[in-house]
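Report on the following structure.
In what follows, every heavy atom counts, from backbone to side chain, and hydrogens, waters and symmetry copies are set aside.
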Amino acid sequence: MVEASLAALSPAELRSAIRSGDYGGRTPGLALGYVQANLVVVEQDDAFDFLRFCVRNPAAAPVLEVGEPGDPRIAQLARDSDIRFDLPRYRVFEEGVVVAETEDIEAYWRDDLVYFLLGCSLTFEAALLDGGVPLRHLESGSAVPAYITNVECTPAGRFQGPLVVSMRPVPGDLVARAVSITERLPAGHGAPVHIGAPEALGISDLAAVDYGEPPNVEPGDIPVFWACGVTPQAIAEHVKLSFMISHAPGHMYVTDVRSDSHSLQAPDASCGY
């Protein structure tokens, strides 16, 4: 479980703790009720194709904000925030391979880089809890499990490859409620893309996660799968993208925007699914 002192921090206070080095852990369960975001940073020459990828695959990559080339300052989702310092942990990809995990990206920042902040399923967790839907990963203090599927995203330029999904075990009698709650938040990945039957997604063993940690599944739980913002990382690996910076899975950017904000909307579609 998240420590009470951490859970009580506002988004600005949490970002300040991250920037100062006082906190470098995962963000599930923190700043509940506020939008959390996935980070993707690409070279300017790749930015338009990546934006087209996001538009064509909004369930996996709902765009919340796009930066100006070379400018790391957050323009809309938070005040006095710098994308180089305000996530707990980053991943740096070169030729599709993770070459570094780091607590800030100042040394990697260049004038030709463009950041994208994408919606994250952690955004809807407060609404699920308020609706009486338990979250097993919060109960056990573990990371949300995520899997690379056999579902192909709609390609855009060089950005093509598999959809990644996060999974939350949901008691069978609460699955419909979980769908109803999350479909109202398309900017946080929206409704599930698949329910039950993980083998239909190419997942043979729920314990064999590609990202996060194995799930804690209680008797009567059904696996429910949402499109996941780690998808661009799988795409970068698949196409051997020359350069990308992302969040480390589970280490998200926490915004100042309430998750029930009517200003956060995204098209209701998924990776050809």
ILVMFWY network linking Ile235 to Leu51, side-chain heavy atoms under 4.5 angstrom: yes
Would you indicate whether Glu68, at its atom CD, is surrounded by more than 12 heavy atoms from other residues, nucleotides or ligands within a distance under 6.0 Å? no
State, with a plain yes or no, whether a side-chain heavy atom of Pro186 is found less than 4.5 Å away from one of Pro58. no
Write down the atom of Val164, the atom of Ala146, and the distance for their closest heavy-atom approach. CG1-CB, 4.1 Å
Testing the basics here: between Ala61 and Cys54, what is the closest heavy-atom pair and its distance to 0.1 Å? O-CB, 3.5 Å
Does some side-chain heavy atom of Pro192 sit less than 4.5 Å from a side-chain heavy atom of Val179? yes
Distance, nearest 0.5 Å, that separates CZ of Phe85 from CD of Glu106: 4.0 Å
Can you check side chain to side chain contact (heavy atoms under 4.5 Å, CB included) on Cys153 and Thr231, steps first, answer last? CA-CA 9 Å; Cys153 292; Thr231 297; 3.8 Å; yes
Check: Pro155 main-chain N/O paired with Arg56 side-chain donor or acceptor under 3.5 Å: yes
Check whether any side-chain N or O of Gln44 sits under 3.5 Å from a backbone N or O of Asp112 as a donor-acceptor pair, and report yes or no. no
Could you check whether any side-chain N or O of His137 sits under 3.5 Å from a backbone N or O of Glu139, counting only pairs where one atom can act as donor and the other as acceptor? no
Using the ring of each side chain (for Trp, its six-membered ring), is Phe50 parallel, tilted or perpendicular to Phe116, with breaks at 30° and 60°? perpendicular
Side-chain (Arg26) to main-chain (Gly141) donor-acceptor, under 3.5 angstrom: yes
Counting N and O atoms only, with roles assigned by atom type, does the side chain of Thr102 sit under 3.5 Å from a partner on the main chain of Ile105, one being a donor and the other an acceptor? no
Look up atom NE2 in His247 and atom CE in Met252, then write down how far apart they are to the nearest 0.5 Å. 3.5 Å
Do Thr182 and His189 touch side chain to side chain, with heavy atoms closer than 4.5 Å? no
Same cluster (ILVMFWY, side-chain, under 4.5 Å), Val66 and Phe159: yes
Donor-acceptor pair, distance only, cut-off 3.5 Å: does the side chain of Gln36 make one with the backbone of Leu30? yes
Hey, what do you get for CG (Leu39) to CD (Glu65), rounding to the nearest 0.5 Å? 11.0 Å
Could Asp86 and Arg19 be called an ion pair, given the rule that one side-chain N must be under 4.0 Å from one carboxylate O? yes
Under 4.0 Å between a side-chain nitrogen and a carboxylate oxygen: does that hold for Arg15 and Asp80? no
Under a 3.5 Å distance rule, please check whether Asn57 uses its side chain to pair with a backbone N or O of Thr154 as donor and acceptor. yes
Which atom of Leu118 lies closest to which atom of Pro232, heavy atoms considered: CD1-CG, 4.0 Å
Kindly determine whether Ile74 and Leu117 satisfy side chain to side chain contact (heavy atoms under 4.5 Å, CB included), including the steps that lead there. CA-CA 9 Å; Ile74 303 301; Leu117 288 173; 3.9 Å; yes
Using the side chain to side chain contact (heavy atoms under 4.5 Å, CB included) rule, take Arg84 and Asp104 through it: C-alpha gap first, then chi angles, then the decisive distance, then the call. CA-CA 6 Å; Arg84 297 173 297 179; Asp104 70 69; 5.7 Å; no
Check whether any side-chain N or O of Thr149 sits under 3.5 Å from a backbone N or O of Leu163 as a donor-acceptor pair, and report yes or no. yes
Do Tyr108 and Val41 land in one hydrophobic cluster if side-chain heavy atoms of ILVMFWY residues count as linked below 4.5 Å? yes
Please determine whether the number of non-hydrogen atoms from other residues, nucleotides or ligands lying under 6.0 Å from atom CZ of Arg73 exceeds 12. no
Is the closest side-chain donor-acceptor distance between Asn216 and Ser140 under 3.5 Å? no
Roughly how far, to the nearest 0.5 Å, is CG of Leu87 from OG1 of Thr27? 8.0 Å
Can you find a pair of side-chain heavy atoms, one from Val170 and one from Pro223, that are under 4.5 Å apart? no
His251 and Glu101 side chains, donor-acceptor separation under 3.5 Å: no
Do Glu218 and Pro134 have side-chain heavy atoms sitting under 4.5 Å apart? no
Contact between Leu14 and Tyr23 at the side-chain level, heavy atoms closer than 4.5 Å - yes or no? yes
Would you name the heavy atoms of Ala31 and Val254 that are closest together and state the gap between them? CB-CG1, 3.6 Å
If every non-hydrogen atom of Arg136 is compared with every non-hydrogen atom of Pro171, which pair is closest and at what distance? NH2-CG, 3.6 Å
Asp205 atom CG, over 12 foreign heavy atoms within 6.0 Å: yes
If we only count heavy atoms from C-beta on, is the Glu152 to Gln160 side-chain gap below 4.5 Å? no
Run Leu77 and Val35 through side chain to side chain contact (heavy atoms under 4.5 Å, CB included) and show every step you take. CA-CA 9 Å; Leu77 297 179; Val35 172; 5.8 Å; no
Can you tell me how far CG of Asn150 sits from CG of Leu201, rounded to the nearest 0.5 angstrom? 6.5 Å
Would you tell me whether Tyr253 and Ser81 have side-chain atoms, one donor and one acceptor, within less than 3.5 Å of each other? yes
Which pair of non-hydrogen atoms, one from Tyr211 and one from Pro249, has the smallest distance, and what is that distance? CD2-CG, 3.9 Å
Is there a donor-acceptor pair under 3.5 Å between the side chain of Thr255 and the backbone N or O of Ala78? no
Under 6.0 Å from the six-membered ring centre of Phe243 and within 45° of its axis: does the NZ or CZ of Arg110 meet both? yes
Count the heavy atoms belonging to other residues, nucleotides or ligands that lie under 6.0 Å from CD of Glu103, then report whether that count exceeds 12. no
Check whether Leu206 and Val151 end up in the same hydrophobic cluster, where Ile, Leu, Val, Met, Phe, Trp and Tyr are linked by side-chain heavy atoms less than 4.5 Å apart. yes
Taking the side chain as every heavy atom from C-beta outward, state whether His238 and Pro162 have any pair of such atoms under 4.5 Å apart. yes
Does Trp226 share a hydrophobic cluster with Leu185, counting links as ILVMFWY side-chain heavy atoms below 4.5 Å and allowing steps through other members? yes
Angle between ring planes, Tyr147 versus Phe225, binned at 30° and 60°: parallel, tilted or perpendicular? perpendicular
To the closest 0.5 Å, what do you measure between CG (Asp46) and CZ (Arg158)? 5.5 Å
